[in-house]
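Contents: one structure, followed by commentary.
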Amino acid sequence: MADGIDFNEETARMLERTYQTPDVLGQRSRFHQLLGLRPGDRVLDIGVGPGLLARELGETVGENGKLSGIDQSEAMLAMTRKRCADLEHADFTMADACELPYPDASFDAVVSTQVYEYVADMPRALAEAARVLVPGGRIQILDTDWDSAVWSTRHPERMRKVMDAWDDHLHDAHLPTTLAPLLEAAGFSVYLREVIPLVNPTFQKNCYSYGISAAIRGFVAGRRGVDEDEARAWREEFRSLDQAGAYFFSLNRYVFAGIKL
Ligand SMILES: C[S@@+](CC[C@H](N)C(=O)[O-])C[C@H]1O[C@@H](n2cnc3c(N)ncnc32)[C@H](O)[C@@H]1O
């Protein structure tokens with residue numbers, strides 16, 4: 001159950017850095033390619049975060065299209081508005097994924113990446129996404145299941161404890177396992193299920209696991225019996241594994257897409 005991540009200015013800066021690493025750039029590029037957006041399309045990004053995907057979507061749909069984005073965090077919206085300031089066909093609004101501030105049938109495509117795993121009422125969120133799409137419109141979603149993480153360690157018990165505590169940052173840490181039936185129940189026909197793997201063979205500043213492990217360390221300290229020293233030691237181990245040439249990290253992103261019937 002999510003009771004933790006505060007999407008404030010500091011988190012916004014951390015996400016912006018981490019989401020500009022080459023592995024996340026590759027993830028975004030594949031997601032964008034799968035979406036097959038065209039100039040002139042009207043697209044909604046639910047939970048824009050730092051706005052890196054939104055910016056790319058806005059450029060693809062162009063000035064004859066429309067880009068809308070929502071987020072429940074003012075810090076995230078501020079970052080996205082700045083990033084997309086020159087896109088006159090873009091608008092960004094503070095709103096919840098379960099209450100979209102748009103009329104029925106406003107969009108040709110809806111996307112949401114790493115947001116629905118934080119949402120408590122998924123049937124309602126997907127009903128809202130379906131409502132704002134035109135018939136035949138598409139939804140494309142990306143979420144993570146941290147059970148797919150493979151992370152080198154000489155302390156498997158500590159790793160398990162830390163990852164169990166990290167699961168608490170999400171409302172549903174295993175959303176990919178139920179997303180397809182949830183989409184079907186909301187009136188979508190699911191036509192795509194794809195995995196995008198992230199792989200880091202080293203522990204360096206420009207890789208995803210470097211940044212996210214700092215966020216994990218900060219989040220888990222003081223939860224589920226993990227204390228500050230244990231959280232620090234958990235992350236420090238990655239430096240020593242890296243120096244020994246023994247570091248490895250991988251994590252799967254799951255993409256689902258559906259068409260509104
Ligand atoms: C991990 S970030 C992902 C941001 C962005 N989609 C990306 O992939 O770069 C999660 C974002 O979802 C937003 N969020 C979480 N729950 C939300 C909700 N119920 N409604 C709207 N936004 C939400 C957060 O404020 C945050 O900006």
Side-chain angles (χ1 to χ4, degrees), residues 1-32 34-35 43-58 67-84 90-102 109-129 132 139-146 166-173 175-176 182 196 198 208-209 211-216 218-219 251-256:
M1 178 68 194
D3 68 343
I5 293 213
D6 180 2
F7 288 101
N8 56 22
E9 279 175 34
E10 191 189 335
T11 311
R13 280 193 299 275
M14 182 280 290
L15 285 182
E16 184 179 47
R17 269 195 312 277
T18 307
Y19 289 180
Q20 294 190 88
T21 54
D23 25 20
V24 185
L25 280 171
Q27 165 197 310
R28 219 166 22 252
S29 156
R30 179 65 184 148
F31 183 88
H32 198 156
L34 287 169
L35 186 60
V43 60
L44 169 64
D45 186 354
I46 296 177
V48 286
L52 294 156
L53 177 64
R55 167 91 219 175
E56 293 176 13
L57 300 175
L67 163 68
S68 296
I70 65 130
D71 204 289
Q72 64 176 13
S73 152
E74 200 44 72
M76 291 295 189
L77 281 172
M79 195 173 259
T80 292
R81 287 190 179 118
K82 199 167 161 196
R83 172 158 283 114
C84 299
D91 61 81
F92 302 101
T93 308
M94 175 93 147
D96 190 281
C98 292
E99 222 164 306
L100 299 176
Y102 308 102
V110 167
V111 302
S112 193
T113 63
Q114 290 175 257
V115 176
Y116 282 147
E117 51 202 5
Y118 295 91
V119 172
D121 190 347
M122 274 303 288
R124 175 141 180 220
L126 292 178
E128 274 294 89
V132 301
I139 187 168
Q140 190 171 298
I141 299 167
L142 178 145
D143 277 297
T144 301
D145 185 328
W146 279 88
W166 177 235
D167 272 353
D168 285 354
H169 85 289
L170 299 170
H171 178 80
D172 184 350
L175 181 60
L182 282 167
I196 303 177
L198 303 181
Y208 173 77
S209 58
I212 202 69
S213 60
I216 294 174
F219 182 82
L251 180 71
N252 287 339
R253 308 298 208 187
Y254 297 92
V255 182
F256 292 80

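As the structure is a prediction and not an experimental result, all values here were calculated from the model. Values below: every heavy atom of this structure, side chains too, minus hydrogens, waters and symmetry copies. Both counts, for ligands and for their atoms, begin at 1 and track the order of listing.
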Tell me whether [X] has any N or O atom under 3.5 angstrom from an N or O of ligand 1.
X	value
Val119	no
Thr113	yes
Gly47	yes
Asp45	no

Protein heavy-atom partner closest to [atom] - residue, atom, separation in Å:
atom	answer
atom 12 (O) of ligand 1	Val115 CG2, 3.5 Å
atom 25 (O) of ligand 1	Asp71 OD1, 2.5 Å
atom 20 (N) of ligand 1	Ala97 N, 2.9 Å
atom 16 (N) of ligand 1	Gln72 NE2, 3.3 Å

Counting only heavy atoms not in Glu10, do more than 12 sit closer than 6.0 Å to its CD atom? no
Answer yes or no: does atom CD of Gln20 have more than 12 heavy-atom neighbours from other residues, nucleotides or ligands under 6.0 Å? yes
Are Glu74 and Arg81 ion-paired here, with the side-chain N under 4.0 Å from a carboxylate O? yes
Would you call Ala95 a ligand 1 contact, heavy-atom distance under 4.0 Å? yes
Proximal ligand 1 atoms for Gln114, defined as those under 4.0 Å from one of its heavy atoms: 1 (C), 2 (S), 3 (C), 10 (C)
Out of Leu35, Ile196, Leu25, which residue meets the side-chain contact (heavy atoms from CB on, under 4.5 Å) rule with Arg30? Ile196
Between Phe256 and Tyr116, does the ring centre distance come in under 6.0 Å? no
Shortest non-hydrogen contact from Val119 toward Cys98: CG1-SG, 3.8 Å
For Tyr208, does the six-membered ring have the charged nitrogen or CZ of Arg253 within the cation-pi criterion, i.e. under 6.0 angstrom from the centroid and within 45° of the normal? yes
